[in-house]
Amino acid sequence: KYTAIGLLGRATDTLDATGKVTEEKPYDQVTKGDLENVLQKFTGDIMQVPPLYSALKKDGERLSTLMKRGEAVEAKPARPVRVYSLSLQHFQPPLFTLDVECGGGFYVRSLVSDIGKELSTCAMMQELTRTQQGPFTLKEHALCEDRWTIDDIAQSLEDCTALLPGEPAHKKLKTEHLGEAAVSCE
């Protein structure tokens, strides 16, 4: 699950705020209702073209690495992805906030860009926060900086480990020095 903030009227080569602006278009015609209606087209099983700046690989190298070197990279073909839920949380043009629950291989940056195109403008992702991964939620499992103590970290690790299937494997490692034994978690 993610919370994404999109910016209407601007596109970048990376589809997010880190990239170079490639296009600017008016967005004044976009209403909250327009945006809500468009979201329905991006819910369920859809086809999505992954961004060129991504971890996908060509000849063993990440596309993002090739792009940064200035090499020509062809877009990967659209592939099936799943969006379990998609809702508009806030709309204050040019910014809009989405809650997205999606399957693996999904790119929220591509979603925001595609939404802009569907609205006859352009859009880029301004900010992205992962709010849940599997059983772990940001609200329940992230440890605030003021609680970065040994005791709080140990308790947090114990709480998170309890959510994982099975018990963690412990094994003794051989060391170069006789008589010493170390225990590690995998």
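Keep in mind the model is a prediction, meaning the values are calculated, not measured.
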How many angstroms lie between [atom1] in [X] and [atom2] in [Y], if you round to the nearest 0.5 Å?
X      : Y      : atom1 : atom2 : value
Phe42  : Cys102 : CZ    : SG    : 14.0 Å
Glu127 : Ile5   : CD    : CD1   : 4.0 Å
Ser110 : Ile46  : OG    : CD1   : 9.5 Å
Thr12  : Met125 : OG1   : CE    : 9.0 Å

Are [Y] and [X] linked, directly or through intermediate hydrophobic residues, by side-chain heavy-atom contacts shorter than 4.5 Å (ILVMFWY only)?
X      : Y      : result
Leu39  : Phe106 : yes
Leu119 : Val100 : yes
Leu98  : Val108 : yes
Leu111 : Val83  : yes

Output all residues satisfying side-chain hydrogen bond (donor to acceptor under 3.5 Å, both in side chains) with [X], sequence neighbours left out; order by chain, then residue number.
X      : result
Thr149 : Asp152
Thr3   : Asp99
Tyr2   : Arg130

Apply the test side chain to side chain contact (heavy atoms under 4.5 Å, CB included) to residues Lys117 and Ser113: give CA-CA distance (whole Å), side-chain angles for both, the deciding distance (0.1 Å), then the verdict. CA-CA 6 Å; Lys117 291 173 188 168; Ser113 176; 3.8 Å; yes

Run the side chain to side chain contact (heavy atoms under 4.5 Å, CB included) test on Thr137 and Thr131 for me, step by step, so that the C-alpha distance in whole Å, both residues' side-chain angles and the decisive distance to 0.1 Å come before the verdict. CA-CA 6 Å; Thr137 64; Thr131 58; over 6 Å; no

Test ring pair (Phe, Tyr, Trp, His ring centres under 6.0 Å) applied to Tyr84 - qualifying residues, sequence neighbours left out: none

Pairwise salt bridge (charged side-chain N to carboxylate O under 4.0 Å, His left out) hits with a residue in [range], at least two apart:
range            : answer
residues 19-28   : Arg10-Glu24, Glu23-Lys25
residues 153-162 : none
residues 32-45   : Lys41-Glu118, Asp45-Arg82

Counting only heavy atoms not in Gln29, do more than 12 sit closer than 6.0 Å to its CD atom? yes

Nonpolar side-chain network containing Leu15, other nodes, edges under 4.5 Å: none

If the condition is side chain to side chain contact (heavy atoms under 4.5 Å, CB included), which residues does [X] pass it with, not counting sequence neighbours?
X      : answer
Thr22  : Ala11, Asp13
Leu157 : Ile153
Pro93  : Tyr27, Phe91
Thr18  : Thr14, Asp16

Nearest atoms (heavy-atom pairs only) where His90 meets Leu88: O-CD1, 3.4 Å

Minimum-distance pair of heavy atoms, taken over all atoms of Gly116 and Ala123: CA-CB, 3.8 Å

Just one of Leu35, Leu8, Thr121 clears the side-chain contact (heavy atoms from CB on, under 4.5 Å) bar with Ile115, so which one? Leu35

